[in-house]
2 protein chains.
Amino acid sequence: MLDENSKYKELLNREGIKSTRHRNAILELLEESEFPLTAEQLFITLRDKTASIDLSTVYRTLDTFASKNLIIKSNRADDGKALYELNHNEHKHHLLCVGCHKLISIDDCPIGELMQTLKNKIDFDITGHKLEIYGYCHDCKKFNHTLSSDA
Amino acid sequence: MLDENSKYKELLNREGIKSTRHRNAILELLEESEFPLTAEQLFITLRDKTASIDLSTVYRTLDTFASKNLIIKSNRADDGKALYELNHNEHKHHLLCVGCHKLISIDDCPIGELMQTLKNKIDFDITGHKLEIYGYCHDCKKFNHTLSSDA
DNA sequence: AATGCAAATGCAAGGCAGTTGCAAGTGGCG
DNA sequence: CGCCACTTGCAACTGCCTTGCATTTGCATT
């Protein structure tokens, strides 16, 4: 348990913040997840799995991590809810299933080159970009076909 | 005044909803704007410019329009606030200035072809996509250079 | 033009994601 | 082990948005 708890100690100390049970647990969950999580998802998982935690602690922890650039905060495109993911410094995009809200990662950025080209063409300092692709995943696909009929 | 008020009457009737002062005013504002607006922006403008309107009416009207596909609702990437814009059925992307929140339109979609290619490659029914480019606009550019120093 | 009814609106209360103030608890230093 | 700043839980609060309900309005019909 000690070993487990201090898994991120060094990392956290390096950022000048204390290593605590909650912070370690949150980092661990984010590390395990392939896709961004909401604060609520983290809260519920922690409450069930580990010891009790307050939702405000989840938010505060996430804010702290984000300010240290350990994680990335974004907003889900369809409902605006905040999403958090570990900052692997790797550039990623997702397929968002509008049926079940599932996020599927795309590993390579299909528009990296394009951004480079664009940078030289416009009077705007590009610092980043986000591409989101909507649709229906394998499972929701069939389902959708039986329901939708309008344009 | 009559003429002005009934500018969108036909359009609204076609969708099976009544033409009212508020609905016309909201459509007009959205038509005049080059970029998506928040409900609050609409609310304030209407309150100042036209007659008083309730915020709930703004939201309800926008929801109604969105359900008729007259407008498009989205969520601002950086703070998750809802944005509304007229549905011109034209596909657009934006440059978002993280300095001043300004949105600048890009007229042609740089990744349309790419989506077509992708559609054939993956087990996912693509129905749409959204590309957002972040950075600093002409005005905020200089400002930013004098401030930023960290990685 | 007056009537009637469903749709639209204002108002106030409510809901949900996220934030904040403060007192109590804890990590990690000596 | 004892201290102190940092962290946490708790409860109240904010901001954005939604809903219930009574009133008003568009508009079809007389």
Side-chain angles (χ1 to χ4, degrees), chain A residues 1-2 5-27 36-44 46-47 50-68 70-71 73-84 101, chain B residues 1-2 5-27 36-44 46-47 50-68 70-71 73-84 101:
Chain A
M1 197 66 162
L2 258 178
N5 267 1
S6 54
K7 193 151 84 169
Y8 304 99
K9 193 177 195 311
E10 206 184 317
L11 171 67
L12 291 168
N13 288 165
R14 205 181 310 139
E15 296 295 341
I17 58 179
K18 289 179 185 170
S19 165
T20 69
R21 192 166 42 99
H22 292 327
R23 306 230 247 235
N24 279 284
I26 288 176
L27 281 177
L37 300 171
T38 64
E40 205 193 354
Q41 287 174 312
L42 286 164
F43 170 65
I44 290 170
L46 288 170
R47 175 145 277 185
T50 331
S52 149
I53 185 173
D54 193 81
L55 190 55
S56 68
T57 302
V58 176
Y59 279 112
R60 272 193 281 230
T61 303
L62 291 169
D63 278 354
T64 304
F65 287 171
S67 76
K68 305 286 182 189
L70 294 178
I71 65 173
K73 176 181 180 178
S74 57
N75 289 90
R76 204 194 263 155
D78 59 346
D79 65 2
K81 269 198 194 180
L83 295 172
Y84 304 87
H101 258 189
Chain B
M1 195 68 159
L2 257 178
N5 268 1
S6 54
K7 193 152 84 172
Y8 304 99
K9 192 176 193 313
E10 205 183 318
L11 171 67
L12 292 168
N13 288 165
R14 207 181 309 140
E15 297 292 341
I17 58 179
K18 289 180 184 170
S19 164
T20 70
R21 193 166 42 99
H22 292 327
R23 306 232 246 232
N24 279 285
I26 287 175
L27 281 176
L37 299 171
T38 64
E40 205 194 354
Q41 287 174 312
L42 287 164
F43 171 64
I44 290 170
L46 288 171
R47 175 144 277 186
T50 331
S52 150
I53 185 172
D54 194 81
L55 189 56
S56 69
T57 303
V58 176
Y59 279 111
R60 271 192 283 231
T61 303
L62 292 169
D63 278 354
T64 304
F65 287 170
S67 75
K68 305 287 182 189
L70 295 177
I71 66 172
K73 175 181 180 177
S74 56
N75 289 90
R76 205 193 265 155
D78 58 348
D79 64 1
K81 269 198 194 177
L83 294 173
Y84 305 86
H101 259 188

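Note that the structure is a prediction, hence the values are computed from the model and not measured.
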Novice: Is there any protein nitrogen or oxygen under 3.5 Å from a nitrogen or oxygen in nucleotides 21-23 of chain D, and what are the pairs?
Specialist:
none

Novice: Please determine whether a side-chain nitrogen or oxygen atom of B:Thr38 lies at a distance below 4.0 Å from atom OP1 or OP2 of D:dC16.
Specialist: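 The answer is no; no side-chain N or O of B:Thr38 sits under 4.0 Å from OP1 or OP2.
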
Novice: Using only side-chain N and O atoms of A:Lys9, determine if any of them is under 4.0 Å from OP1 or OP2 of C:dG28.
Specialist: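 For C:dG28, OP1/OP2 do have a side-chain N/O of A:Lys9 under 4.0 Å.
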
Novice: When both hydrogen-bonding distances must be under 3.5 Å and the geometry is Watson-Crick or G-U wobble, what is D:dT30 paired with, if anything?
Specialist: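 With both distances under 3.5 Å, D:dT30 matches C:dA1.
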
Novice: Will you find, in the side chains of A:Ser19 and A:Asn24, an N or O donor that is under 3.5 Å from an N or O acceptor?
Specialist: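 Yes, because at least one side-chain N or O of A:Ser19 sits under 3.5 Å from a partner of the opposite role on A:Asn24.
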
Novice: Taking only side-chain nitrogens and oxygens of A:Thr57, does any of them come within less than 4.0 Å of OP1 or OP2 of D:dG9?
Specialist: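 Indeed, a polar side-chain atom of A:Thr57 lies that close.
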
Novice: Can you identify which nucleotide, out of C:dG28, C:dA17, C:dG27, has its nearest atom closest to the A:Asn13 side chain?
Specialist: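 Ranking C:dG28, C:dA17, C:dG27 by closest atom to the A:Asn13 side chain puts C:dG28 first.
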
Novice: Distance check: side-chain N/O of A:His22 vs OP1/OP2 of D:dG9, anything under 4.0 Å?
Specialist: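 Yes, within the criterion.
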
Novice: Using atom names, set out every protein N or O paired with an N or O of nucleotides 2-6 of chain C below 3.5 Å, distance rounded to 0.1 Å.
Specialist:
{"residue": "C:dA6", "atom": "N3", "partner": "B:Lys18", "partner atom": "NZ", "Å": "3.4"}

Novice: Side-chain N or O of A:Tyr59 versus OP1/OP2 of C:dG18: is the shortest distance under 4.0 Å?
Specialist: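 For C:dG18, OP1/OP2 do have a side-chain N/O of A:Tyr59 under 4.0 Å.
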
Novice: Could you please spell out the steps behind the side-chain contact (heavy atoms from CB on, under 4.5 Å) verdict for B:Leu12 and B:Thr20?
Specialist: CA-CA 9 Å; B:Leu12 292 168; B:Thr20 70; over 6 Å; no

Novice: Is the distance from OP1 or OP2 of C:dT20 to the nearest side-chain N or O of A:Ser56 less than 4.0 Å?
Specialist: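 Checking A:Ser56 against C:dT20: no side-chain N or O falls below 4.0 Å of OP1 or OP2.
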
